[in-house]
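Within every chain, numbering begins at 1; the chains are lettered A, B, ... in the order of the sequence lines, protein sequences first and strands thereafter. Remember, it's a predicted structure, so these values are computed and weren't measured experimentally.
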2 protein chains.
Amino acid sequence: MLNQLNILLREENLRVTPQREAILKVLYDCRGHHLETENIYELLAARSEKGKKIGLATVYRTMELFEKIGLVSRLSMENLPARYELILQTKLIHHHLICLKCGCVQEIDDKLAEDFKNRIIDQTGFEVKDKSMKIYGYCSRCREQVKNKR
Amino acid sequence: MLNQLNILLREENLRVTPQREAILKVLYDCRGHHLETENIYELLAARSEKGKKIGLATVYRTMELFEKIGLVSRLSMENLPARYELILQTKLIHHHLICLKCGCVQEIDDKLAEDFKNRIIDQTGFEVKDKSMKIYGYCSRCREQVKNKR
DNA sequence: GATTTAAATGATAATGATTATCAATATGAA
DNA sequence: TTCATATTGATAATCATTATCATTTAAATC
Ligand SMILES: [Mn+2]
Ligand SMILES: [Mn+2]
Ligand SMILES: [Zn+2]
Ligand SMILES: [Zn+2]
């Protein structure tokens with residue numbers, strides 16, 4: 001994994017730094033989750049020795065870089081901070097469902113999404129961008145809670 | 001139309017002001033479009049007599065109010081200013097396709113959206129919120145332009 | 001029409017996520 | 001080790017939006 005980072009960076013004449021390695025490790029340890037830049041910053045701070053924190057600006061810059069070289073997928077959100085997830089070879093790029101109550105993010109089934117995307121382009125000529133579907137609503141867990149309160 | 005404004009405002013002990021009327025007129029004249037607050041502000045400025053501009057803060061506040069009383073639909077956008085459209089009795093609340101090239105906004109066919117929404121809830125229990133689908137990509141016009149350039 | 005009071009307005013400050021700036025530091029090739 | 005330049009960290013700037021607050025106004029009451 002750090003290996004892959006090395007390769008990708010060298011390809012573009014970029015340098016391997018402790019900051020970039022540390023950020024990648026955090027992303028790897030949180031694989032499957034969708035992290036805000038701030039989360040990553042805090043996790044890094046928790047891991048670092050006294051007084052040697054990685055700057056927040058560096059985290060922002062690194063996420064931008066990691067997206068450019070194809071290591072992470074950025075998930076822009078309406079009114080909320082963007083989130084990032086490590087791109088895994090075992091899982092395709094996908095679209096998301098975002099709960100307005102608890103903030104959880106789940107993935108939309110690939111076949112379902114693909115089918116919808118095809119219908120849209122057939123009907124309107126509009127080409128849906130990869131992973132650009134972010135659909136807001138209420139997850140099953142939050143809906144249950146509402147039901148139980150009654 | 002101004003009539004309806006009157007009724008809605010009185011229902012909640014709110015006041016009918018020239019600013020609110022002027023903003024509603026702009027929205028009505030632009031019905032079918034999706035306007036940024038800034039657009040509304042500029043259109044108002046163009047209509048107003050010398051030196052009697054409506055404040056930008058008032059436009060923001062009024063859009064918030066109009067949404068609360070159900071006159072307009074707010075369309076939050078990723079990384080872009082929100083847009084508003086007057087709710088028309090002749091057209092249902094709908095979801096949107098947003099072009100990343102030209103910024104145009106078009107509506108998703110109701111049946112298509114409804115079907116997708118049902119599939120999602122059946123499969124995951126996730127309840128899609130009204131008008132919360134904002135799908136980013138490239139409109140047919142922009143795609144044509146790219147093709148023609150080659 | 002004059003009085004009264006809460007609502008509304010306009011100017012401006014504050015906010016929060018993100019990007020830009022820039023001097024100081026560190027990487028990696030020579 | 002030297003050196004060019006990529007990177008970092010601190011901080012300022014940006015931009016849409018919201019909050020603040022003194023001043024003005026709608027509209028109910030007299
Ligand atoms: Mn994901
Ligand atoms: Mn619309
Ligand atoms: Zn939830
Ligand atoms: Zn377009």
Side-chain angles (χ1 to χ4, degrees), chain A residues 2 5-24 34-42 44-45 48-69 71-72 74-84 98 103 134, chain B residues 2 5-24 34-42 44-45 48-69 71-72 74-84 98 103 134:
Chain A
L2 292 179
L5 178 62
N6 251 276
I7 295 167
L8 290 170
L9 291 177
R10 291 199 175 159
E11 271 177 12
E12 315 222 19
N13 260 62
L14 300 169
R15 293 175 182 174
V16 179
T17 67
Q19 290 89 340
R20 288 173 180 172
E21 293 185 332
I23 291 171
L24 182 57
H34 303 82
L35 301 178
E36 298 180 9
T37 307
E38 190 68 30
N39 295 332
I40 299 166
Y41 174 71
E42 284 163 8
L44 288 166
S48 75
E49 300 151 47
K50 62 281 164 191
K52 285 183 184 173
K53 287 181 195 165
I54 293 176
L56 182 55
T58 299
V59 183
Y60 272 102
R61 273 187 301 240
T62 303
M63 297 319 295
E64 195 185 350
L65 172 68
F66 280 7
E67 196 195 15
K68 189 159 38 182
I69 65 180
L71 273 181
V72 305
R74 176 192 167 116
L75 199 37
S76 296
M77 309 275 271
E78 289 174 9
N79 311 320
L80 294 170
R83 295 178 175 217
Y84 293 91
I98 298 148
K134 264 144 287 178
Chain B
L2 291 180
L5 179 63
N6 251 276
I7 295 166
L8 290 171
L9 291 178
R10 291 202 173 157
E11 269 176 13
E12 315 222 18
N13 261 59
L14 300 170
R15 294 178 181 172
V16 178
T17 67
Q19 289 89 339
R20 288 173 179 171
E21 292 185 332
I23 291 171
L24 183 57
H34 304 83
L35 301 178
E36 298 180 8
T37 308
E38 190 68 30
N39 296 332
I40 299 166
Y41 174 70
E42 283 162 9
L44 288 166
S48 74
E49 299 151 49
K50 62 283 165 189
K52 286 182 184 173
K53 288 180 194 167
I54 293 175
L56 182 56
T58 299
V59 183
Y60 272 102
R61 273 187 302 239
T62 303
M63 297 319 295
E64 195 184 350
L65 173 68
F66 280 7
E67 197 195 14
K68 190 160 36 186
I69 63 178
L71 272 180
V72 306
R74 177 193 165 113
L75 199 35
S76 295
M77 310 275 271
E78 290 175 7
N79 311 319
L80 294 170
R83 294 177 175 221
Y84 293 91
I98 298 148
K134 265 143 285 178

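When side chains are defined from C-beta on, B/R74 does not count as touching B/M63, because their heavy atoms never get closer than 4.5 Å.
Computed from coordinates, the A/M63 CE to C/dA17 C1' distance equals 15 Å when rounded to whole Å. To the nearest angstrom, P of D/dT20 lies 18 Å from CG of B/L56. Note: CD1 (B/I23) to C1' (C/dG10) measures 12 Å, nearest angstrom. Following rounding to the nearest Å, B/I40 (CD1) and D/dT17 (C1') show an atom-to-atom distance of 14 Å. Between the NZ atom of A/K52 and the C1' atom of C/dA26 there is a distance of 14 Å, rounded to whole Å. Going from atom CZ of A/R83 over to atom P of C/dT18 covers 11 Å, rounded to whole Å. Distance, B/R10 CZ to C/dA8 P: 13 Å, rounded to whole Å. The interatomic distance linking A/L35 (CG) with C/dA17 (C1') rounds to 17 Å, in whole Å.
When each of B/L65 and A/L80 is assigned the nucleotide of DNA chain C bearing its nearest heavy atom, the one mapping closer to the 5' terminus is B/L65. Between B/L14 and B/T37, the one whose closest nucleotide on DNA chain D sits nearer the 5' end is B/T37. With the nearest nucleotide of DNA chain D identified for both B/N79 and A/T62, A/T62 has the one nearer the 5' end.
Comparing D/dT8, D/dA19, C/dT18 by their nearest atom to the side chain of A/R74 picks out C/dT18. When the nucleotides D/dA27, D/dT17, C/dG28 are ranked by their closest atom to the side chain of A/V16, C/dG28 comes out on top.
Closest approach of B/V72 and B/Y84 over heavy atoms only: CG2-CD2, 3.7 Å. When every heavy atom of B/T58 is checked against every heavy atom of B/I23, the shortest pair comes out as O-CD1, 4.4 Å. Minimum heavy-atom separation, A/K134 to A/L75: CD-CD1, 3.2 Å.
Considering only side-chain N and O atoms, B/Y60 lies nowhere under 4.0 angstrom from the phosphate OP1 or OP2 of D/dT18. Phosphate proximity of D/dT7 to A/T17: absent, as no side-chain N or O sits under 4.0 Å from OP1 or OP2. Regarding contacts with the backbone of C/dG10, a side-chain N or O of B/Q19 is found under 4.0 angstrom from either OP1 or OP2.
You'll find a donor-acceptor pair under 3.5 Å spanning the side chain of A/R61 and the base of D/dG9, going by distance alone. A/R15 contributes a side-chain N or O that forms a donor-acceptor pair with the base of D/dT5 under 3.5 Å.
The backbone N or O of B/R15 sits less than 3.5 Å from a side-chain atom of B/R20, completing a donor-acceptor pair.
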